[in-house]
Amino acid sequence: MANEIYILQDRCTGCGSCVKVCPVNCISMSDRPKQEGVRWKKLATIDVNKCVFCNACVEDCDKLFEKTKVKVPNPDFFHAIVMKKEEVKVQIDTASYKGVWCFAEQRHGRLMPTIFELLHVAKKLSSDLNEDLSAVLMGHQVSQYAQDILEHGADKVYVLDHPIFEHFLDEVYTCALTDLIKREKPNKLLMPASIIGRSFASRVAIAAQTGITADATELSINQKNGTLHATRPSFGGNLMATILCEKHRPEMATVRPMSFPRAARQPGRKGEIVRVTVDPSQWNIRSKFVKYEAEKNETIDITAAEKIVSGGRGLGKPEGFKIIEEFAQTIGAAVGASRPTVDAGWIPYKHQVGLTGRTVRPKLYIACGISGQIQHLAGMSSAEVVIAINKDPECPMFKLATLSVEGDLYELIPLIIQEIKRVRDHK
Ligand SMILES: Cc1cc2nc3c(=O)[nH]c(=O)nc-3n(C[C@H](O)[C@H](O)[C@H](O)COP(=O)(O)OP(=O)(O)OC[C@H]3O[C@@H](n4cnc5c(N)ncnc54)[C@H](O)[C@@H]3O)c2cc1C
């Protein structure tokens with residue numbers, strides 16, 4: 001049965017209330033053909049091709065019916081929209097899905113380190129489930145990375161090496177991964193919440209008729225029924241929500257980069273490498289890759305940086321970032337920022353560290369004029385060494401810092417830069 005929606009003309013008063021609630025503007029009011037005994041001048045018309053069958057208009061009209069029922073018993077108007085919706089029931093045998101998969105992202109032929117973070121957390125999930133851990137590597141001339149992935153904990157690597165995967169295209173990657181999922185039936189699938197992972201993981205979930213948790217920061221297995229508990233910050237970071245997808249497989253999640261450490265490498269570790277043949281002629285691809293243009297004046301990406309110098313509201317003005325940039329340049333670091341400086345437009349969002357920014361895991365994090373509120377710490381507390389420069393000896397950042405420097409950053413940073421340069425020049 002296809003979805004159906006229609007107006008009961010005798011009950012429609014032409015009030016137009018349904019027009020206002022329709023989110024896709026598919027209802028309009030037209031002049032009602034003259035009809036004896038009917039005093040209403042207008043009539044609602046629904047464009048069924050545009051309708052998304054959300055039920056908003058039906059609910060609205062029914063509410064009006066209830067209201068009028070109170071005033072006029074047995075009203076013969078409102079309750080004028082009838083919707084019959086096809087019930088989609090997908091019932092799958094969840095027990096036939098086995099194994100934990102991680103998607104190994106590559107960019108321009110280079111393997112991204114996110115796979116090692118996924119393998120770290122997926123190893124625990126697969127051992128809790130007592131199932132295999134696999135990775136899916138997709139690209140052109142990328143097969144050489146399969147051994148590295150095995151050495152980081154995967155039992156099996158599916159390699160899809162084909163020229164069509166050279167440049168990332170959502171549709172192509174979606175078709176290939178969905179085909180593989182349908183054939184191999186994995187139980188769980190983790191993907192990086194990177195630009196690439198985010199852009200096609202949701203398509204894969206829809207094509208594979210399953211659910212996905214975006215941007216998970218914690219993952220665990222429910223020991224009673226083996227389902228995935230994927231936890232992520234919600235409501236602007238004020239709550240942590242654990243999301244379940246119990247009836248569909250694979251249970252999918254994109255995982256925030258830097259939320260987990262990298263899996264340790266065991267040189268020489270053996271596993272299975274499965275070369276998957278693909279037939280792109282079977283896919284209906286409507287987009288094509290035109291060209292890649294690198295961002296101009298690209299700054300060091302904070303999520304990949306080993307050293308970060310971050311500036312906070314203590315800078316006092318947008319120009320304050322000049323001194324942070326100079327400091328960062330002197331030691332070859334990336335520039336980070338706290339949220340108020342980003343909100344104020346002093347620096348672009350891609351530099352924001354914290355709960356609603358990026359999570360970073362550098363070897364050295366230098367926080368300048370950042371108080372150390374919990375939402376900022378959420379993004380950087382895994383840094384190996386933290387140096388805090390702040391004029392407030394009571395600031396929370398000093399409690400976390402390996403080295404706390406009390407004083408005005410505008411006095412201290414030039415001295416630090418000068419000293420670094422002096423030592424360097426005398427080497
Ligand atoms: C839902 C939610 C999500 C959030 N997400 C994030 C996030 O992702 N990232 C984030 O950073 N924040 C986030 N915040 C905001 C967070 O709560 C803090 O407000 C923010 O981190 C404070 O930034 P700050 O330390 O730069 O500013 P402040 O707290 O104002 O601290 C400024 C510091 O600079 C020091 N200072 C001032 N002048 C000088 C000087 N001349 N020399 C040296 N030190 C000086 C002060 O002593 C002070 O400690 C979020 C908040 C909410 C509610």
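In each ligand, atom 1 is the first atom listed, and ligand 1 is the first ligand listed.
Within the 6.0 Å centre-distance limit, the rings of His152 and Phe116 are counted as a close aromatic pair.
Taking a cut-off of under 4.0 Å to the non-hydrogen atoms of Gly354, the atoms of ligand 1 that pass are 7 (C), 8 (O), 9 (N). Every atom of ligand 1 is numbered from 1 in the order shown, and the set under 4.0 Å from a heavy atom of Leu355 is 7 (C), 8 (O). If you number the atoms of ligand 1 from 1 as listed, the ones under 4.0 Å from a heavy atom of Thr356 come out as 3 (C), 4 (C), 5 (N), 6 (C), 7 (C), 8 (O). Ligand 1 places these atoms under 4.0 Å from at least one heavy atom of Gly312: 26 (O). If you number the atoms of ligand 1 from 1 as listed, the ones under 4.0 Å from a heavy atom of Val353 come out as 7 (C), 8 (O), 9 (N), 10 (C), 11 (O).
Residue Gly407 holds the heavy atom nearest to atom 43 (C) of ligand 1 of all those in Gly311, Gly407, Ala378. Considering each of Arg339, His376, Arg313, the one bringing a non-hydrogen atom nearest atom 19 (O) of ligand 1 is Arg313.
Inclusion of Leu409 in the set of residues having an N or O under 3.5 Å from an N or O of ligand 1 is warranted. Annotation: Gly357 places an N or O atom under 3.5 Å from an N or O atom of ligand 1; distance criterion only. For Asp408, a nitrogen or oxygen atom sits less than 3.5 Å from a nitrogen or oxygen atom of ligand 1, counting backbone and side chain alike. Considering backbone and side-chain N/O atoms, Gly369 comes within less than 3.5 Å of an N/O atom of ligand 1. The shortest N/O to N/O separation between Ala337 and ligand 1 does not fall below 3.5 Å.
Salt-bridge annotation for Asp128 and Lys124: present, with a side-chain N of the basic residue lying under 4.0 Å from a carboxylate O of the acidic one. One finds no salt bridge joining Lys63 and Glu66 here, because no Lys/Arg side-chain nitrogen approaches an Asp/Glu carboxylate oxygen to under 4.0 Å.
Under 4.0 Å from ligand 1, the heavy atoms of Gln373 that appear belong solely to its side chain. Contacts between Pro340 and ligand 1, counted as non-hydrogen atom pairs separated by less than 4.0 Å, involve the side chain only. Residue Met397 does not touch ligand 1, judged by heavy-atom distances below 4.0 Å. Looking at Leu315 against ligand 1, nothing comes within 4.0 Å, counting heavy atoms.
In summary, the side chains of Thr356 and Arg339 do present a donor paired with an acceptor at a separation below 3.5 Å, with no hydrogens or angles considered.
Contacts of Glu293 classified as salt bridge (Lys or Arg N to Asp or Glu O under 4.0 Å), with partners at least two apart in sequence or in another chain: Lys291, Lys296.
Without hydrogens or angle criteria, Lys307 side chain to Tyr365 main chain gives no donor-acceptor distance under 3.5 Å. In this structure, the side chain of Asp132 does not engage the main chain of Gly99 through any donor-acceptor pair within 3.5 Å. Under the 3.5 Å distance criterion, the side-chain polar atoms of Arg361 are left unmatched by any main-chain donor or acceptor of Ala383.
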>> One pair to check against ring-ring contact (aromatic ring centres under 6.0 Å, His included): His108 and Tyr292. What are the steps and the verdict?
In response: CA-CA 10 Å; His108 313 297; Tyr292 169 76; 4.3 Å; yes

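Gln418 CD: 12 or fewer foreign heavy atoms inside a 6.0 Å radius.
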